[in-house]
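Scroll down for the structure; my scribbles are underneath it.
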Number of protein chains: 2
Amino acid sequence: MKRAPHHTPLDQLAEHLARSGQRLTNQRKVLTATFLEARGHLSAEDLYRQLLAAGHPVSMATVYRGLRTLVEAGLAVESRFVDGVVRYEPALDEPVHDHLVCDECGSVFEIENPLVDELYDLAQAHDGFLPRDHRLLIHGLCRSCQARTDAS
Amino acid sequence: MKRAPHHTPLDQLAEHLARSGQRLTNQRKVLTATFLEARGHLSAEDLYRQLLAAGHPVSMATVYRGLRTLVEAGLAVESRFVDGVVRYEPALDEPVHDHLVCDECGSVFEIENPLVDELYDLAQAHDGFLPRDHRLLIHGLCRSCQARTDAS
DNA sequence: ATGTATGCAAATGATTTGCACACTC
DNA sequence: GAGTGTGCAAATCATTTGCATACAT
């Protein structure tokens, strides 16, 4: 099911804000636009820097509050990585994906996971646990770091 | 492969310490014993409290350092949970297991995951990524919280 | 004796919050 | 104009670290 054509992310945000008596400020607009352009695994710090670089000075506090708003509006999903930092990525109408983390260079890749249903079945099988969501990180070495390691 | 019969966890720790020129102190012994008895998903804070309660005052710093040592000795494995807190559990000679987290009551259950190999195959298939380890959390509702929720 | 461990308190890093002022509705 | 939102700085929370002292080898 694709998103209705005339329903942009900004509309979605505006709608969410309106519903909950909040306001569509400039910071929220810029933050949202920048976040969506960057596309992928931004920490609050990352986004903060991008905003500064783009000539839109905001405070870290606003970035944190803004990212939470994006999550509440359904535009972003957050995941906490092993380094303890929470990163955000756009919530697209796409299948849930999981993450490959290279322990050498720190790159993060996304993979679609066709096994999700089976994993959820496993959970169900454990005393009737009702799965609703999951987080999967697979750690290892990306191709280029393997090459570098082999060489040394 | 099971552990050799006369190789207790404490032996294993002692061996690791000896190998790396470190010392088997009282704190490390007590900490290790308490950790292994408690069995399952302890945060540094949790272990600290248990040690105090058991009449073994230690500093938080020592608990943190001690837990790291246990990991290095291969007696514990650490996982960072979604709340951002790192928890430790005994590293047994058992198949890797994953976690079911109840979002209502916070309980954590362990499940063995027979799909691990398939997941690693998926990772491989993504541009030759070399998987070495993983972290899987499935969130949802445990049986009793489902019941409570249905009732309300 | 030599050098590692511990305790304490201060430092860190990510994130949150209180408050006075600024801006949206 | 009323009531959110923002910036700033101070507060939190989990965790780490520096340093003087205590203990294992």
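Order of the sequence lines sets the chain letters (A, B, ...), proteins ahead of strands, with each chain counted from 1.
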Spacing of [X] atom [atom1] relative to [N] atom [atom2], expressed in whole Å:
X       : N      : atom1 : atom2 : answer
A:Met60 : C:dG13 : CE    : P     : 14 Å
A:Asn26 : C:dC23 : CG    : C1'   : 9 Å
B:Leu51 : C:dT6  : CG    : P     : 12 Å
A:Leu67 : C:dT16 : CG    : P     : 10 Å
B:Tyr64 : C:dG13 : OH    : C1'   : 13 Å
B:Glu72 : C:dA5  : CD    : P     : 11 Å
A:Arg80 : C:dT16 : CZ    : C1'   : 13 Å
B:Leu24 : C:dG3  : CG    : P     : 21 Å

- Query: How many angstroms lie between atom CD of A:Glu118 and atom CG of B:Leu119, to the nearest 0.5 angstrom?
  - Reply: 9.0 Å
- Task: Drop me the distance from A:Leu122's CG to A:Leu115's CG, to the nearest 0.5 angstrom.
- Result: 10.0 Å
- Query: How far apart are the C-alpha atoms of A:Phe35 and A:Leu70, what are their side-chain angles, what is the distance that settles it, and do they pass the side chain to side chain contact (heavy atoms under 4.5 Å, CB included) test?
  - Reply: CA-CA 10 Å; A:Phe35 171 71; A:Leu70 287 187; 3.6 Å; yes
- Going through the distances and angles, do B:Glu72 and B:Arg68 end up as a salt bridge (charged side-chain N to carboxylate O under 4.0 Å, His left out)? CA-CA 6 Å; B:Glu72 286 164 4; B:Arg68 190 184 308 166; 5.2 Å; no
- Please work out which of the three classes, parallel, tilted or perpendicular, describes the rings of B:His99 and B:Phe81, given edges at 30° and 60°. tilted
- Item | Test log, rule side-chain hydrogen bond (donor to acceptor under 3.5 Å, both in side chains), inputs A:Gln22 and A:Ser20 | CA-CA 6 Å; A:Gln22 302 183 87; A:Ser20 47; 3.0 Å; yes
- Query: Do A:His139 and B:His134 have side-chain heavy atoms sitting under 4.5 Å apart?
  - Reply: no
- Under 4.0 angstrom between A:Thr25 side-chain N/O and C:dT24 OP1 or OP2: no
- Message: Would you say A:Gln22 places a side-chain N or O within less than 4.0 Å of OP1 or OP2 belonging to C:dT24?
- Response: no
- Identify whether any heavy atom of B:Arg28 sits under 4.0 Å from a base atom; if not, whether one sits that close to sugar-phosphate; answer base, sugar-phosphate or nothing. sugar-phosphate
- Message: Reading DNA chain D from 5' onward, which residue's closest nucleotide shows up sooner: B:Tyr88 or A:Val63?
- Response: A:Val63
- Note on the structure: Heavy-atom nearest nucleotide on DNA chain D taken for B:Arg87 and for A:Ala61; more 5' hit belongs to A:Ala61
- Which is the 5'-most and which the 3'-most nucleotide of DNA chain D that has an atom under 4.0 Å from a heavy atom of chain A? D:dG3 to D:dC8
- Note on the structure: The residue, B:Gly21 or B:Pro57, whose nearest nucleotide of DNA chain C is more 5′ is B:Gly21
- Item | Residue B:Arg23, side-chain heavy atoms: nucleotide from C:dA5, C:dA14, C:dG7 that is nearest | C:dA5
